[in-house]
Protein chains: 2
Amino acid sequence: MSEGVEWAAHCCLLLAWLDQDRPVPTAKLAAGFELPPAYLNKQLQALVRAEILTSTPGPKGGFRLARPLSEITLMDVVTAIEGPEQAFRCTEIRKNGAGAATPERYFAIPCQLDLAFGAAELAWRKALAAQTLADVQAAAEANTPSLADNLKGWYAR
Amino acid sequence: MSEGVEWAAHCCLLLAWLDQDRPVPTAKLAAGFELPPAYLNKQLQALVRAEILTSTPGPKGGFRLARPLSEITLMDVVTAIEGPEQAFRCTEIRKNGAGAATPERYFAIPCQLDLAFGAAELAWRKALAAQTLADVQAAAEANTPSLADNLKGWYAR
DNA sequence: GTCGAATTACTCGGATATATAATGTCCGAGTCGGGCAGG
DNA sequence: CCTGCCCGACTCGGACATTATATATCCGAGTAATTCGAC
């Protein structure tokens with residue numbers, strides 16, 4: 001999986017912790033994680049297209065959350081960065097070679113291999129959709145309550 | 001995910017359906033699915049390293065199943081082709097930038113984002129491990145019982 | 001006719017190219033804030 | 001001193017390189033069957 005997913009999720013969490021009334025520019029987010037600013041910007045654009053963030057141009061512009069963390073699931077983030085298509089793509093090789101010489105009715109039912117992998121991937125997607133970024137935020141704060149203040153202090157520089 | 005997973009799984013199923021006492025060479029398997037022989041061979045080598053297939057060199061050589069389909073899970077096939085590492089790799093960017101200026105104790109607990117994605121991936125792996133290739137084979141034969149004979153006929157040419 | 005050894009053809013296995021996608025960089029369009037001149 | 005306009009700087013957004021990975025190919029090492037000759 002692309003590492004952009006990790007970057008995007010962390011940035012969403014950070015935006016919530018900072019809780020600024022003003023948007024946060026890419027440069028600040030990138031500095032906070034030591035990431036290449038221009039490339040991070042690309043990932044953030046994907047989040048904007050997915051309506052997870054909103055962007056505002058011009059001076060004092062930047063990105064902010066489009067909705068609270070409780071309404072952003074891990075599935076949303078993955079779909080925004082990786083796209084909607086399945087990881088396992090059935091190319092129907094069963095119909096090639098030997099398959100080309102078999103009657104059509106053999107392929108009336110879908111590829112059972114595709115179904116099996118599809119079922120597993122569905123379990124993955126459900127697990128991702130069941131967890132919101134608010135859950136992750138809460139879990140982190142349970143152990144380190146002062147985390148938000150600590151971050152605010154650093155970004156205020 | 002690499003398409004080699006699809007190829008590998010189909011080849012295992014085919015080897016079971018053909019049920020030959022002799023090994024089946026790469027060239028035949030590749031012809032049966034219209035796949036590039038040399039590259040398919042590479043994937044089959046990975047299955048040998050994972051001890052899913054056994055290979056025998058020389059004339060009349062080729063590949064055969066190392067154990068019955070009921071003892072080969074989809075997880076086994078994925079691990080053999082894709083490797084054992086997780087799809088989501090946490091690179092601990094929380095420790096960079098702003099993180100470098102925070103006390104060590106903040107990182108006593110693992111990255112909660114990694115845990116959340118890890119839980120989802122575990123669900124995926126469990127779903128894969130719960131399905132054997134024998135299950136897939138049975139599902140296919142339930143709808144097309146004559147499938148095995150049909151394939152044997154084609155490969156006998 | 002039978003046994004044995006050399007030969008030959010066939011197989012896997014890994015080293016070597018190519019294509020595609022992920023990663024990283026750069027520059028332009030747009031917009032807001034601040035400064036400056038005029039009233 | 002207040003108001004309006006102009007200029008400049010800062011931001012996102014997408015077009016353009018570069019690197020890593022997946023895909024595809026080729027050739028050599030090894031093995032077993034086969035053939036040929038000798039006994």
Side-chain angles (χ1 to χ4, degrees), chain A residues 1-8 11 15 20-66 78 80-89 91 93 96, chain B residues 1-8 11 15 20-31 33-66 78 80-83 85-89 91 93 96:
Chain A
M1 179 177 328
S2 167
E3 64 181 320
V5 173
E6 185 188 5
W7 298 3
C11 284
L15 284 173
Q20 305 256 325
D21 49 352
R22 295 189 168 189
V24 181
T26 303
K28 259 194 175 176
L29 293 173
F33 293 117
E34 291 180 20
L35 301 175
Y39 190 36
L40 175 61
N41 186 29
K42 195 170 198 165
Q43 315 289 356
L44 297 177
Q45 284 175 35
L47 293 180
V48 171
R49 277 192 292 273
E51 298 182 358
I52 292 172
L53 300 184
T54 60
S55 66
T56 59
K60 308 287 179 181
F63 295 90
R64 77 181 76 193
L65 290 167
V78 170
I81 304 294
E82 298 274 305
E85 59 277 355
Q86 284 218 350
F88 181 89
R89 300 152 306 209
T91 59
I93 60 173
N96 297 350
Chain B
M1 178 179 327
S2 168
E3 64 181 320
V5 174
E6 185 188 5
W7 299 4
C11 284
L15 284 173
Q20 304 254 326
D21 48 353
R22 295 189 169 189
V24 181
T26 303
K28 259 192 174 177
L29 293 173
F33 292 118
E34 292 180 19
L35 301 175
Y39 188 38
L40 174 61
N41 186 30
K42 194 168 198 166
Q43 314 291 354
L44 296 177
Q45 284 175 35
L47 293 181
V48 171
R49 277 191 292 272
E51 299 182 358
I52 292 172
L53 300 183
T54 60
S55 67
T56 59
K60 308 287 179 182
F63 295 91
R64 76 181 76 193
L65 290 167
V78 171
I81 304 295
E82 298 275 306
E85 58 276 356
Q86 284 220 351
F88 181 90
R89 301 153 305 210
T91 59
I93 61 173
N96 298 349

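Remember, it's a predicted structure, so these values are computed and weren't measured experimentally. Note on naming: letters A, B, ... go to the chains in the order of the sequence lines (proteins, then strands), and numbering restarts at 1 for each one.
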Name the closest nucleotide to the [X] side chain, picking from [options].
{"X": "B:Q45", "options": "C:dG13, C:dC12, D:dA15", "value": "C:dG13"}
{"X": "B:Y39", "options": "D:dC12, C:dT25, D:dT25", "value": "D:dT25"}
{"X": "A:P36", "options": "D:dT25, C:dG24, D:dT11", "value": "C:dG24"}
{"X": "A:K42", "options": "D:dT23, D:dC12, D:dA15", "value": "D:dA15"}
{"X": "A:P57", "options": "C:dT31, D:dA24, C:dT23", "value": "C:dT31"}
{"X": "A:S55", "options": "C:dC12, D:dC12, C:dT16", "value": "D:dC12"}

Please report the shortest heavy-atom distance between B:A46 and B:A80, naming the atom on each side.
->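 Looking at all heavy atoms of both residues, the shortest contact is CB-O, 3.7 Å.
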
Check the side chains of A:E3 and B:T91 for a donor-acceptor pair under 3.5 angstrom, ignoring hydrogens and angles.
->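 The answer is no; no qualifying pair exists.
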
A:N41 or B:P59, whichever maps to the more 5' nucleotide of DNA chain C =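 Its nearest nucleotide being more 5', the pick is B:P59.
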
Hey, which sits more toward the 5' end of DNA chain C by its nearest nucleotide, A:S2 or B:K60?
->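 Comparing both residues, the 5'-ward one is B:K60.
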
Mark yes or no for whether B:Q20, through its side chain, and B:L15, through its backbone, hold a donor-acceptor pair below 3.5 Å.
->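 No, B:Q20 side chain to B:L15 backbone: no donor-acceptor pair under 3.5 Å.
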
For B:T26 and C:dC12, is the shortest distance between a side-chain N/O and OP1 or OP2 below 4.0 Å?
->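 Yes, within the criterion.
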
Please state whether the phosphate of C:dG14, meaning OP1 or OP2, lies under 4.0 angstrom from any side-chain nitrogen or oxygen of B:R49.
->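 True: B:R49 side-chain N/O within range (under 4.0 Å) of C:dG14 OP1/OP2.
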
Have a look at B:F63 and tell me which of B:V24, B:I52, B:N41 forms a side chain to side chain contact (heavy atoms under 4.5 Å, CB included) with it.
->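 The single option meeting the side chain to side chain contact (heavy atoms under 4.5 Å, CB included) with B:F63 is B:N41.
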
